[in-house]
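Atoms within a ligand are numbered from 1 in the order they appear, just like the ligands themselves. Worth saying up front: this structure is predicted, and the values here are computed from it rather than measured.
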Amino acid sequence: MHWSPLYIIQKVIPYLAPNDTIKVLDIGSGVGTFCLAGAFYKPSVAFFGVEQRKKLITHAETARKKLGIPNARFIHGNFTQLNLNEFDHFYFYNSFFENLNGAEKIDNEIVYSNELYNYYSIYLYNQLEKMPVGTRVATYCSWGDEIPPCYQLAETHFDNLLKLWIKL
Ligand SMILES: C[S@@+](CC[C@H](N)C(=O)[O-])C[C@H]1O[C@@H](n2cnc3c(N)ncnc32)[C@H](O)[C@@H]1O
């Protein structure tokens, strides 16, 4: 439920990493599934994951070392602490959803609230709005609250669960 299936990642990678020297950020990287699979399929592309839960960063880093993958890096922290301009394209698996009342939670170790969902969604919306033309975003299981209207929906897959966006 909380980590991206491999078939979704396989569909996303050619879109977010169309050529070398690209930096892709997974906003809320969990146990690192997206970054590790992406880095495996595209060794010339740098995959970054930012994750607020330290224990998930530890799992991701353990897996990265066991797999011997050099082009994935995991950053412990809140995505609001990053400068998104340091990255080219973004992956987002509805990371803020667990804040909403009634949503399944990963654990009970952080504070959840509807206000946090709104705060993070608006924050990401504002950051994405400032990104250069051509910035690509892939959203999985998202309602699109965080996508500004300057992004065009380029493709949808899997009954609209996966949406591929590009900034115009
Ligand atoms: C649905 S999981 C997706 C994990 C991974 N992207 C994947 O596709 O397998 C969302 C993750 O986002 C993290 N997250 C939620 N809000 C965050 C924030 N503000 N900053 C950093 N990480 C966050 C959660 O802790 C959780 O691990």
Side-chain angles (χ1 to χ4, degrees), residues 1-17 22-42 45-64 66-67 69 71-128 136-147 156-158 160-165:
M1 172 179 295
H2 296 292
W3 319 133
S4 290
L6 200 52
Y7 68 88
I8 294 292
I9 301 173
Q10 286 169 331
K11 194 76 185 172
V12 168
I13 293 304
Y15 186 74
L16 289 190
I22 293 278
K23 287 184 178 177
V24 177
L25 177 68
D26 181 6
I27 299 167
S29 50
V31 293
T33 319
F34 173 80
C35 289
L36 292 172
F40 173 78
Y41 290 125
K42 285 275 185 176
V45 170
F47 286 83
F48 296 82
V50 61
E51 169 55 51
Q52 62 184 347
R53 289 175 163 97
K54 180 81 171 90
K55 69 177 179 189
L56 301 187
I57 290 280
T58 304
H59 287 312
E61 191 51 29
T62 301
R64 190 193 68 76
K66 275 194 181 167
L67 294 167
I69 288 183
N71 55 321
R73 192 182 145 208
F74 298 102
I75 304 159
H76 177 224
N78 199 300
F79 86 99
T80 56
Q81 297 166 316
L82 296 187
N83 177 2
L84 296 195
N85 276 303
E86 290 178 5
F87 308 92
D88 299 298
H89 305 312
F90 303 92
Y91 180 66
F92 181 74
Y93 176 8
N94 213 3
S95 298
F96 314 141
F97 187 71
E98 63 175 338
N99 283 294
L100 294 176
N101 290 339
E104 287 286 337
K105 318 293 186 204
I106 292 174
D107 56 33
N108 292 316
E109 291 174 19
I110 61 169
V111 174
Y112 301 101
S113 72
N114 289 353
E115 287 74 21
L116 261 184
Y117 176 87
N118 290 332
Y119 173 76
Y120 288 147
S121 299
I122 292 166
Y123 188 95
L124 182 53
Y125 178 109
N126 287 331
Q127 296 303 308
L128 289 177
R136 295 178 176 206
V137 181
T139 59
Y140 179 50
C141 299
S142 158
W143 295 329
D145 292 339
E146 57 292 315
I147 304 296
T156 67
H157 301 278
F158 307 110
N160 280 330
L161 288 178
L162 177 64
K163 297 191 177 97
L164 306 179
W165 308 84

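Near Asp26, with a cut-off below 4.0 Å to any heavy atom, the atoms of ligand 1 are 5 (C), 6 (N). Ligand 1 places these atoms under 4.0 Å from at least one heavy atom of Leu56: 27 (O). For ligand 1, the atoms lying closer than 4.0 Å to a non-hydrogen atom of Tyr91 are 8 (O). If you number the atoms of ligand 1 from 1 as listed, the ones under 4.0 Å from a heavy atom of Phe79 come out as 18 (C), 19 (N), 20 (N), 21 (C). Atoms of ligand 1 found under 4.0 Å from any heavy atom of Gly30 (numbered from 1 in listed order, with element): 4 (C), 27 (O). Ligand-side atoms of ligand 1 in range of Trp3: 2 (S), 4 (C), 9 (O), 27 (O), range being under 4.0 angstrom from any heavy atom.
Counting heavy atoms under 4.0 Å from ligand 1, residue Ile106 touches it through the side chain alone. Of all the heavy atoms of Arg53, the ones lying under 4.0 Å from any atom of ligand 1 belong exclusively to the side chain. Of all the heavy atoms of Tyr120, the ones lying under 4.0 Å from any atom of ligand 1 belong exclusively to the side chain.
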Would Phe47 and Tyr91 count as a ring pair (Phe, Tyr, Trp, His ring centres under 6.0 Å) if you check the C-alpha gap in whole Å, the side-chain angles of each, and the deciding distance to 0.1 Å?
CA-CA 10 Å; Phe47 286 83; Tyr91 180 66; 9.9 Å; no
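Salt bridge annotation for Arg53-Glu98: present, with a cationic side-chain nitrogen under 4.0 angstrom from a carboxylate oxygen.
The shell of residues lying under 4.0 angstrom from ligand 1, judged by heavy atoms, excludes Gly49.
Nearest protein neighbour of atom 5 (C) of ligand 1, counting heavy atoms only, is Gly28 O, 3.4 Å. The closest protein non-hydrogen atom to atom 9 (O) of ligand 1 is Ser4 N, 2.9 Å.
By the 3.5 Å distance cut-off applied to N or O atoms, Asn94 is not counted among the residues near ligand 1.
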